[in-house]
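Sequence lines set the chain letters: A, B, ... in the order given, protein chains first and strands last, and positions in each chain run from 1. All values derive from a computational prediction rather than experimental measurement.
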Protein chains: 2
Amino acid sequence: MEFNKADAPPRETTDRPRRTRDPDQTRRDLIDAAIAEFSEKGFSGGRVDDIAARTRTTKRMIYYYFGSKERLYAAVLEELYGGMRNAEQALPLARLPPLLALQRLVETTFDHHAAHPEFVRLVSVENIHEARNVAASPEIIKRNAAVIGTLRDLVARGENEGAFRPGLDALDLHMLISSFCFYRVSNRHTLAAIFGRDPLAPESVAAHRRMIVEAVLRYVAPG
Amino acid sequence: MEFNKADAPPRETTDRPRRTRDPDQTRRDLIDAAIAEFSEKGFSGGRVDDIAARTRTTKRMIYYYFGSKERLYAAVLEELYGGMRNAEQALPLARLPPLLALQRLVETTFDHHAAHPEFVRLVSVENIHEARNVAASPEIIKRNAAVIGTLRDLVARGENEGAFRPGLDALDLHMLISSFCFYRVSNRHTLAAIFGRDPLAPESVAAHRRMIVEAVLRYVAPG
DNA sequence: TAGTGTACGTACCATGGAGTTCAATAAGGC
DNA sequence: GCCTTATTGAACTCCATGGTACGTACACTA
């Protein structure tokens with residue numbers, strides 16, 4: 001009666017037969033669960049017990065693999081920042097005419113933020129904590145700072161070819177692009193509450209995408 | 001020995017003689033302390049004991065005046081959102097030519113965000129919590145939604161006078177303006193960590209202010 | 001100048017939640 | 001088969017923290 005293994009699995013979160021002894025999978029599951037938890041509730045609001053409960057394993061594993069709540073959070077950040085850089089570096093900007101390259105960059109930035117609200121939320125959380133974990137991760141810094149190099153090249157090329165007006169600052173331009181893409185996701189809930197229109201609703205997405213492209217292209221145009 | 005009142009005050013947090021029985025001041029002090037605490041640490045990260053420790057009064061008073069940590073947080077939000085609307089409604093936009101009015105609006109928005117990082121941080125915190133407290137406050141919603149009305153009028157006037165191109169959406173335009181002003185403050189720390197340049201440093205402020213004005217004016221220009 | 005309600009302080013409670021203990025079980029080498 | 005080591009689980013510990021019980025002091029009124 002107690003150990004009825006035959007006709008029903010004794011206890012299973014999902015119906016997938018749980019793979020015993022799969023450290024990689026266990027680690028992966030914990031990271032995914034932590035991404036969800038921390039991006040929904042923040043660092044202090046996120047609960048270690050709840051993260052464990054989102055997986056098929058137990059809290060013990062968090063401490064086995066990561067050592068502390070803080071270090072799990074740091075691992076989550078590295079993971080998410082990693083995804084961002086990949087998207088941007090996959091673009092063949094150097095082979096496109098400057099205006100088109102810039103348009104592609106804006107669209108990619110827009111799409112990535114739209115597709116990864118957890119990333120946006122975690123960056124918000126990290127800023128509340130004064131970016132202590134980002135500052136402590138040379139890996140995150142190096143990869144992300146590289147994005148600016150690419151944009152700097154593009155700006156220089158655009159100026160030389162006369163497609164862009166002179167005097168543009170690559171970092172400021174990066175901020176102009178990111179700010180809108182980030183804001184409509186990060187501030188989605190206050191915007192929806194105050195103005196009664198969800199900025200992530202399908203009818204807004206296309207309009208916003210066109211808008212930020214248009215705004216940036218007009219901003220860099222000569223004259 | 002025990003009640004030595006004469007030659008030394010028995011216990012004093014600051015050297016200012018504590019005003020007994022000043023409910024308004026006590027309440028005010030608690031709100032100010034809570035603004036600082038919550039904007040530095042978030043809602044879950046903020047400690048009721050620490051808020052009390054920032055004042056000359058005690059934790060008991062938080063519960064006396066506000067009832068709970070949650071309601072204190074809600075009071076803080078109302079307070080900060082209140083400051084924002086005042087700044088915007090003080091502008092005499094209707095009397096200025098459209099382009100100039102828009103420029104003033106952008107500059108005011110920029111300046112207010114720059115001057116009130118606690119506001120920006122609290123709005124970020126609120127978005128992590130899915131804007132539950134903003135959504136529950138008709139007062140906040142009403143006042144802020146009004147801002148859009150003003151902008152809608154301006155957009156209509158600009159279109160009629162031919163100063164703006166047709167087809168502009170007031171809410172989207174508001175988002176374009178706010179996003180940059182908000183982002184450079186909200187994401188100050190990750191930006192500084194990754195790019196090694198503090199967006200709130202004096203040499204960036206003027207450049208950013210010019211940039212968002214320029215970007216918005218170019219965006220609304222006809223043609 | 002006693003009475004009363006509002007404002008305040010001290011000491012305490014209850015519990016949620018981060019982190020640990022300790023033993024058990026699987027996998028693989030010999 | 002047996003030993004070793006990398007994983008795993010249930011049941012703890014313990015303390016920080018939100019919240020409260022209870023008593024006191026001030027200031028105003030009659």
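In this structure, A:Ile62 atom CD1 and C:dT20 atom P are separated by 13 Å, rounded to whole Å. Atoms CD (B:Glu70) and C1' (D:dG18) sit 12 Å apart, rounded to a whole Å. Atom CG in A:Leu30 sits roughly 13 Å away from atom P in D:dT7 (whole-Å rounding). As a whole-Å value, the separation of B:Asp29 CG from C:dA7 C1' is 14 Å. When rounded to the nearest whole Å, the span between CG of A:Asp24 and C1' of D:dT8 equals 15 Å. A:Arg56 has its CZ atom 15 Å from the C1' atom of D:dG9, to the nearest Å. Per the geometry, CE belonging to A:Met61 stands 17 Å off P belonging to C:dA18, to the nearest Å. In this structure, A:Tyr63 places its OH atom 17 Å from P of D:dT13, rounding to the nearest Å.
Between A:Arg210 and B:Asp172 there is no salt bridge, since none of the side-chain N atoms of the basic residue sits less than 4.0 Å from a carboxylate O of the acidic one. Note on B:Glu40 versus B:Arg54: salt bridge recorded, some NZ/NE/NH1/NH2 to OD/OE distance being below 4.0 Å.
Few gaps surround CZ on A:Arg209; more than 12 heavy atoms of other groups in view lie less than 6.0 Å from it.
With values rounded to the nearest 0.5 angstrom, B:Thr150 atom OG1 is found 8.5 Å from B:Leu105 atom CG. Going from atom CD of A:Glu118 over to atom CZ of A:Phe38 covers 14.5 Å, rounded to the nearest 0.5 Å. Rounded to the nearest 0.5 angstrom, B:Arg132 CZ and B:Glu126 CD are separated by 8.5 Å. Rounded to the nearest 0.5 Å, atoms CD1 (A:Ile62) and CG (A:Leu72) are 6.0 Å apart.
In this structure, A:Arg121 contributes its side chain and B:Ile128 its backbone to a donor-acceptor pair below 3.5 Å. The backbone N or O of B:Asn187 sits less than 3.5 Å from a side-chain atom of B:Thr190, completing a donor-acceptor pair. A donor-acceptor contact shorter than 3.5 Å links the side chain of A:Arg47 to the backbone of A:Ser44. Remark: side-chain polar atoms of A:Arg184 are paired, donor with acceptor, to backbone N or O of A:Pro199 under 3.5 angstrom. Not a single donor-acceptor pair under 3.5 Å links the side chain of A:Asp50 to the backbone N or O of A:Glu37. Although no hydrogens or angles enter the test, the distance criterion places no donor-acceptor pair under 3.5 Å between the side chain of A:Asp198 and the main chain of A:Ala192.
When every heavy atom of A:Gly42 is checked against every heavy atom of A:Val125, the shortest pair comes out as CA-CG2, 3.8 Å.
With A:Leu80 as the fixed residue, the side-chain contact (heavy atoms from CB on, under 4.5 Å) test singles out one of A:Leu122, A:Ile31, A:Val120: A:Leu122.
For DNA chain C, no neighbouring residue in residues 130-137 of chain B is found when judged by any heavy atom under 4.0 Å. Contacts with DNA chain C (heavy atom under 4.0 Å) in residues 34-44 of chain A: none are found.
Residue contacts shown for B:Tyr65 are limited to sugar-phosphate atoms, with no base heavy atom under 4.0 Å away.
For residues 72-81 of chain A, the salt bridge (Lys or Arg N to Asp or Glu O under 4.0 Å) pairs, not counting sequence neighbours, are A:Arg28-A:Glu79.
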Are there any protein N/O atoms within less than 3.5 Å of an N/O atom in nucleotides 13-17 of chain C, and if so, which ones and at what distance?
| from | atom 1 | to | atom 2 | distance (Å) |
| --- | --- | --- | --- | --- |
| C:dG17 | OP1 | A:Arg47 | NE | 3.0 |
| C:dG17 | O5' | A:Arg47 | NE | 2.8 |

Distances for protein N or O near nucleotides 21-23 of chain D N or O, under 3.5 Å:
| from | atom 1 | to | atom 2 | distance (Å) |
| --- | --- | --- | --- | --- |
| D:dA21 | N6 | B:Arg60 | NE | 3.3 |

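Listed nucleotides: C:dA7, D:dG9, D:dG19. Nearest to the side chain of A:Thr57: D:dG9.
Aromatic ring pairs are classed by plane angle as parallel below 30°, tilted from 30° to 60° and perpendicular above 60°; the pair A:His174 and B:Phe195 is perpendicular.
For the pair A:Ser68 and C:dG19, the criterion of a side-chain N or O lying under 4.0 Å from OP1 or OP2 is not met. Residue A:Tyr64 places no side-chain N or O under 4.0 Å from the OP1 or OP2 atom of D:dG9. Residue B:Thr58 places no side-chain N or O under 4.0 Å from the OP1 or OP2 atom of C:dT10.
Between its opening and closing five pairs, the helix from C:dT1-D:dA30 to C:dC30-D:dG1 changes axis direction by 0°, a value rounded to 10 degrees.
Between the side chain of A:Lys59 and the base of D:dG9 there is no donor-acceptor pair of N/O atoms closer than 3.5 Å.
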